Amino acid sequence: MDLFDDLPPTSEAARLALAPGAVLLRAFARQDDVALLAAVEHVLKQAPLRHMQTPGGYTMSVSTSSCGALGWVSDPHGYRYAARDPVSGKHWPVMPECFLRLAERAATEAGFADFHPEACLINQYVPGAKLSLHQDKDEKDLLAPIVSVSLGLPAIFLFGGTDRKQRPQRYRLAHGDVVVWGGPARLAFHGVAPLEEGDHALLGGRRINLTFRKVQLHQ
Ligand code: MD3
Ligand code: FE
């Protein structure tokens, strides 16, 4: 429970400018949570979560999958987007209709009316899992925003500057929160602090994060 729990999701108070280009839509996805979770599980049956290897040889604590025309993969050469899941050799699962509708509605709400993502990354965090500070630079279209949707246990999100040395600000992202990262925020360093234990009514002891991305320049 937090202060914003009973505010309608699109009211002025539920919308927070975190930084130039970064808009937090508190609880924007909450009324769709059951449908979103069912769609997540449907995708994960076809493309199970896996712990990716970093190019430096580490194993990520977060487990990952994708849906849409392109998915995010890593191999010893680095990170890239690919049309097929390297585990199954098959195309990634189709992006569920409810994912696309939510991402486009959130982007529009934040001033990006023409956002049509072709990739959705699914990250799962269990207690202790974290994501070190990084930039998202594998997309060719850096003018398009990234839309992120948080489900399940809350996490402390770290939001830095475009310079790794700027000390990051900390925001709590809770179930149903949606953030649109565009403009100058698009290339900011960001990460997630180790997830705390907890038991979420719908997701149990985990957090799922969806990130919607436009990868190719023209499409
Ligand atoms: C700010 N995911 O998948 S979502 C990622 O919670 C990633 O799983 C985190 O960072 C997660 O790459 C954070 C919020 C987010 C996503 C992308 C961004 C914030 C961003 C890109 C640029 C700036
Ligand atoms: Fe990221």
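In this text, all values refer to a predicted model and were calculated from it rather than measured experimentally. Indexing begins at 1, ligand by ligand and atom by atom, following the structure's order.
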Under 4.0 Å between a side-chain nitrogen and a carboxylate oxygen: does that hold for R213 and D136? yes
Report yes or no: does H51 contribute a side-chain atom to a donor-acceptor pair with the main-chain N or O of M60 at less than 3.5 Å? yes
Check whether more than 12 heavy atoms from other residues, nucleotides or ligands sit under 6.0 Å from atom NE2 of H42, and answer yes or no. no
Of the N, O or S atoms in H134, the one nearest the Fe ion (ligand 2): NE2
Atom CD of E197 with >12 non-hydrogen neighbours under 6.0 angstrom: no
Could you name each residue pair satisfying side-chain hydrogen bond (donor to acceptor under 3.5 Å, both in side chains) that touches residues 150-166, not counting sequence neighbours? S150-R207
Could you check whether any side-chain N or O of W92 sits under 3.5 Å from a backbone N or O of A82, counting only pairs where one atom can act as donor and the other as acceptor? yes
Give the atom name of whichever N/O/S atom in D136 sits closest to the Fe ion (ligand 2). OD1
The protein residues that pass the under-4.0 Å heavy-atom test against ligand 1 are N123, Y125, L131, H134, D136, I146, S148, F157, W181, A185, R186, A188, H190, V192, R207, N209, T211, R213
Taking the side chain from S74 and the backbone from Q53, do they hold a donor-acceptor pair closer than 3.5 Å? yes
